[in-house]
Amino acid sequence: MHEKIFSKGCANEACHSGEKGIADLTFADLQGSYDSLIDGVPANGAAAGAGLVRVKPGDAAASFLYMKLTEHGPALTEKSYGAAMPLSGIEPPGEKSLAAIKAWIDAGAPMDGDDFEADLAEHHHEANYVECEATAADEMQKCFKPTPTDGEYLRIYTPPLEIPASREIMLCSEIDLAIDEPLLIDRAAGQQMNGGHHIAVFTTLAPTGEYAPLDCDDVDMSKLRFVMGAGGAGGLDTTLPDGVGVRVLPGQRLLVQSHYINTTDKPTTVMDAVDLALTTEEESPTLADSFAVIDSDFEIPAKARGFERVKECRLEQDYDIHMLLGHTHERGVMFRFDLLRGDAEPELLYYATDGKLLRSNPEIKLYHEPLQFKAGDRLRMTCRWDNDDATAIGWPEEMCVTFMYYSPGEGFLTCDTYDETPVTIGGGDDKCRKPGDEGNEKGVGKFCSVEGGECVGNGTATLCLENFDSFSNYCTLINCKADADCGAGAYCAMDQAGNACVPNDC
């Protein structure tokens, strides 16, 4: 089984090879393959929560491996089980091979199985991908299916994305919507080309004005606000609970995160399309906004195993929570998020053990009946990492973040390392700056407006705070650590303004 199927179709350089492949699963050698499969807990949170194991000896129907090989993408997506396997570019096992896999599992999954005749099927995942031979942007856009007709949508495209041979990569593309009025969105759906795994859509708090795709490893997640997942072969289209919408303002830029796995030995050019479903205040009267619990000031020692950090945040008012997800990078080996209420036992809200999935495609928890936080509740976020590097690492190479949508939406809430309670970027009705006012040597304090784009390319202060607070119509730098980060005539407001640089006269 290992020689004829797993080592050929799964131990690809971009997938399950080496000491630790995708989903912490490797088929690099016979013994390691067997040990990680038999009764192994899936890295996929939904599958693990359903009690599935990778291979359950004697029961192919309860074996996650068999499901991933035999079920099509939509069936897996409905259960939040990720993409069908193998991904595009590798021919899947045919009827004889699948029958042999089933017989092997049902027979108890012995280490030494009987010989069998292997075969390959014609690829059964075409429906998950958009086939396209074009490489020019305008021609590639013509390859996608039409925009849905069951409502009003705004379609956006990424630029052409260059995916290296035998690589797993996430590319981030900044998109200027060029809108004059706010958009209210309640769902998203995406289409990807061969090798696509998932799409995620964010708004960026620090637009660069550069529209060429870049490696998402070079993007600071703390400067992004999650909008929604837009599907793909291994992701989920996100539909917010009934009556809930999220707003994108004029002047804000979207950032589209495209996850691809190129299992071939040649580079490929692809593109993603995302349809954003537009809603109205009448249809979606509950306006949700972002709430991020962040631990951004840590250092994981070199060669550390099981290094752990705990961040708590005490709430001073009630919130309704509509969406929640956790995030680390690939060194994460445990993430949990608990609600602590009075003397009661902690209530576990989110748990995951695979950093690669938390980085690229975390489970998204949607609450159709809002999860209610009360004043006085405490939120506890725990992150644990293994660092095999010879040097210490910290933020943003590794991360520990919980993203949420809350209502009533009153601005971007953060609760960072040194915040005891959430802080809001917002407050006040007057204006701090007038047109023509210049900022300091770092750009902090320069006049800006929601629609104007004055902060793009403005040194390090690339966020216009007026997106969140009508008083603060100036360019700023968020997540500052000290006054020195902000330049002359400005200070780092760590308690009042969500770790943002504020001019002294504002």
Side-chain angles (χ1 to χ4, degrees), residues 10-28 32 36 40-48 54 82-83 85 87 163-164 166-172 195-200 202 214-224 226 229 232 234-235 257-263 294-296 298-309 325-337 350-364 381-403:
C10 306
N12 183 279
E13 182 179 346
C15 298
H16 303 291
S17 66
E19 293 184 4
K20 185 176 182 179
I22 293 174
D24 198 17
L25 178 61
T26 180
F27 290 97
S36 62
V41 177
N44 179 281
R54 287 170 172 164
M85 292 288 119
L87 292 175
I163 311 300
S166 301
R167 278 283 306 279
E168 177 196 9
I169 191 170
M170 286 196 296
L171 294 175
C172 284
H197 188 266
H198 83 272
I199 310 169
F202 302 82
L214 71 157
D215 194 317
C216 293
D217 284 345
D218 297 327
V219 176
D220 187 345
M221 291 292 295
S222 69
K223 296 180 181 179
L224 303 180
F226 180 78
Q257 181 191 78
S258 305
H259 185 187
Y260 273 82
I261 303 175
N262 184 1
T263 58
I294 306 170
D295 187 3
S296 64
F298 59 83
E299 185 176 87
I300 307 170
K303 300 296 182 180
R305 311 292 292 180
F307 180 81
E308 185 171 293
R309 294 271 299 187
L325 65 87
H327 178 80
T328 70
H329 284 183
E330 58 269 19
R331 295 173 185 82
V333 295
M334 193 276 287
F335 177 98
R336 67 177 294 152
F337 192 67
Y350 197 99
Y351 184 80
T353 58
D354 189 278
K356 271 198 169 184
L357 287 182
L358 281 169
R359 167 181 171 264
S360 64
N361 194 19
E363 179 185 5
I364 300 171
M381 179 176 66
T382 307
C383 290
R384 188 182 302 154
W385 302 270
D386 287 345
N387 179 16
D388 295 326
D389 293 2
T391 57
I393 56 174
W395 184 284
E397 189 174 0
E398 259 302 340
M399 293 191 178
C400 181
V401 184
T402 303
F403 291 105

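In what follows, every heavy atom counts, from backbone to side chain, and hydrogens, waters and symmetry copies are set aside. Here the structure is a predicted model, which is why all the values come from computation and not from measurement.
For R54, there are no side-chain hydrogen bond (donor to acceptor under 3.5 Å, both in side chains) partners, not counting sequence neighbours. Taking the side-chain hydrogen bond (donor to acceptor under 3.5 Å, both in side chains) definition, one finds that E299 meets it with nothing, sequence neighbours left out. Take T328 and apply the side-chain hydrogen bond (donor to acceptor under 3.5 Å, both in side chains) test, not counting sequence neighbours, and it matches no residue.
Here CE of M170 is found 10.5 Å from CD1 of I261. Values are rounded to the nearest 0.5 Å. The CG atom of D386 sits 12.5 Å away from the CD atom of E330 when rounded to the nearest 0.5 Å. Here CE of M334 is found 7.5 Å from SG of C383. Values are rounded to the nearest 0.5 Å. The CG atom of N387 sits 4.0 Å away from the CD1 atom of I393 when rounded to the nearest 0.5 Å. The distance from the CD1 atom of I364 to the CZ atom of F403 is 11.5 Å, given to the nearest 0.5 Å.
Taking all atoms of both residues into account, the shortest heavy-atom contact from C400 to W395 is N-CZ3, 3.8 Å. Of all heavy-atom pairs between L358 and H327, the closest is O-ND1, 3.1 Å. The two atoms that bring M381 and V401 nearest to each other are SD-C, 3.7 Å, heavy atoms only. Nearest heavy-atom pair across E398 and F298 is O-CZ, 3.4 Å. The heavy-atom pair separating L171 from I169 by the smallest distance is CD2-CD1, 3.7 Å. Heavy-atom minimum distance, N262 versus P164: ND2-O, 3.0 Å.
Ring geometry for H259 versus H197: interplanar angle of 30 to 60°, hence tilted.
Looking only at side-chain heavy atoms (C-beta outward), R305 and D388 come within less than 4.5 Å of each other.
Within the 3.5 Å criterion, the main-chain N or O of T391 finds no donor-acceptor partner in the side chain of D389.
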